[in-house]
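Notes follow the structure.
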There are 2 protein chains.
Amino acid sequence: MYLIGELSKQTGVKIPTIRYYEEMGLIEKPHRTSGNQRQYEKEGLERLSFIKHARDLGLSIEDIRELVDLSSSPEKSCKQAHEIAHHHLQFIKTKISKLRRLEKELKRVALLDDEGHVGKCKIIASLADHRLCKGEH
Amino acid sequence: MYLIGELSKQTGVKIPTIRYYEEMGLIEKPHRTSGNQRQYEKEGLERLSFIKHARDLGLSIEDIRELVDLSSSPEKSCKQAHEIAHHHLQFIKTKISKLRRLEKELKRVALLDDEGHVGKCKIIASLADHRLCKGEH
DNA sequence: AATAAAGCTCTAGTCATTAGAGCTTTAAGA
DNA sequence: TCTTAAAGCTCTAATGACTAGAGCTTTATT
Ligand SMILES: [Zn+2]
Ligand SMILES: [Zn+2]
Ligand SMILES: [Zn+2]
Ligand SMILES: [Zn+2]
């Protein structure tokens, strides 16, 4: 149905990345043509779209591998999937709050005005000395 | 004055990382003892503290290299330092807003409740199909 | 003198790709 | 049918910022 270039266009996943996913065992090894070229079916496209979407949502390859494995057994409990999503949400929240603290400090630093030369540069001084910061990073 | 382990304790930078910074040209090669061990002076400690703080604020090694180079010439214009700080602030802001969009989508996904098995799992369905999302990532 | 702690170099692994070299296969036009 | 261009293949190495480990030497303490 699709050669790798077509699959790449359909999903937005670059060709070397598709081959990498194959090597990592995220997608099944596709059928090869007589000339050794990868040939994908609709399921291959669907699985790659799933992976692309999960990656766009920031999930790790490991998380995705578990989700992919899971989704091949419809009768199993989906508890693990809920845990992964939940855990990842927490992870993103933590990341955001860390970045917000950073942003605060950086705003203070980046908006400093000074005489314009290195010797008395307030930005360089602020980077040199954490005691000038209001909080932790 | 300090051996590498002491420097590490003082700054919170791990020993292999200090050696890595040396190799990258971020810190000067220190004097060696007769037994080939690195021996740092006060300036070495100060420079490493600078680097640590800038890293904690999220600056890249490349940015830090420029700042370090710059700070050795006090008479030069510090325009470049201001640019780096500014640019980095923008970078952090962009990152935060991307993560917030992600958080929104993930909240929607992670808090879904369903019948508890993979076949009808709403989380897995949401990951499989971006059309179920409200926005871009 | 013996032992332990801390230092050294060098290599390789992490994560998720991406780039490039050097080759073969396939499709299309002359 | 021949030729060329596009697209595919494998394999290796690079990215960024470390980190871990093997196998060795130096230093400090008992
Ligand atoms: Zn300045
Ligand atoms: Zn600080
Ligand atoms: Zn479910
Ligand atoms: Zn989506």
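Protein chains get the first letters and strands the later ones, always in sequence-line order, with residue 1 at the start of each.
- Taking the side chain as every heavy atom from C-beta outward, B/Tyr21 and B/Ile61 approach each other to under 4.5 Å.
- B/His82 and A/Asp114 form a side-chain donor-acceptor contact under 3.5 Å, judged by distance and modelled atom types alone.
- Put simply, A/Tyr21 has a side-chain N or O that comes within less than 4.0 Å of OP1 or OP2 on C/dT17.
- For A/Ile15 and D/dG8, the CD1 to C1' distance is 8 Å, given to the nearest whole Å.
- Within a heavy-atom distance below 4.0 Å of DNA chain C, the residues of residues 38-70 of chain B found are B/Arg38.
- Note on residues 71-81 of chain A: pairs passing side chain to side chain donor-acceptor pair (under 3.5 Å), not counting sequence neighbours, are A/Glu66-A/Gln80.
- A/His137 and A/His130 have perpendicular rings, their planes meeting at more than 60° on a 0 to 90° scale where under 30° would count as parallel.
- Taking the side chain as every heavy atom from C-beta outward, B/Glu105 and B/Cys133 approach each other to under 4.5 Å.
- At least one side-chain heavy atom of B/Phe50 sits less than 4.5 Å from a side-chain heavy atom of A/Ile124.
- Two residues are said to be in side-chain contact when any heavy atoms from C-beta on lie closer than 4.5 Å; A/Ile4 and A/Gln37 fail this criterion.
- Comparing the end axes of the helix from C/dA1-D/dT30 to C/dA30-D/dT1, each fitted to five base pairs by superposing C1' atoms of four pairs onto the next four, gives an inter-axis angle of 20° (nearest 10 degrees).
- When side chains are defined from C-beta on, A/Val13 does not count as touching A/Ser8, because their heavy atoms never get closer than 4.5 Å.
- At least one side-chain heavy atom of B/Ser60 sits under 4.5 Å from a side-chain heavy atom of B/Asp63.
- Put simply, CD1 on A/Ile27 is 15 Å from P on C/dA16, counting in whole angstrom units.
- The interatomic distance linking A/Ile4 (CD1) with D/dC9 (C1') rounds to 10 Å, in whole Å.
- For the pair A/Phe91 CZ and C/dC15 P, the interatomic distance rounds to 13 Å; values are reported in whole Å.
- Taking atom NZ of residue A/Lys29 and atom C1' of nucleotide D/dC9, one finds them 14 Å apart after rounding to whole Å.
- The CD atom of A/Glu23 sits 11 Å away from the P atom of D/dT12 (whole-angstrom rounding).
- Between A/Lys9 atom NZ and D/dA6 atom P there is a gap of 12 Å when expressed in whole angstrom units.
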Could you go over nucleotides 19-26 of chain C and give all protein N or O partners under 3.5 Å, atom names and distances?
unit_1 : atom_1 : unit_2  : atom_2 : d
C/dT26 : OP1    : A/Gly35 : N      : 3.2

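- For residues 14-30 of chain A, every residue pair satisfying the salt bridge (charged side-chain N to carboxylate O under 4.0 Å, His left out) rule, not counting sequence neighbours, is listed here: A/Glu22-A/Arg32, A/Glu22-A/Arg38.
- Residue A/Glu22 contributes atom CD, which lies 8 Å from atom P of D/dT10 at whole-angstrom precision.
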Can you give the donor-acceptor pairs under 3.5 Å from side chains of residues 94-102 of chain B to other protein atoms, not counting sequence neighbours?
unit_1  : atom_1 : unit_2  : atom_2 : d
B/Thr94 : OG1    : B/Gln90 : O      : 2.8
B/Ser97 : OG     : B/Thr94 : O      : 3.1

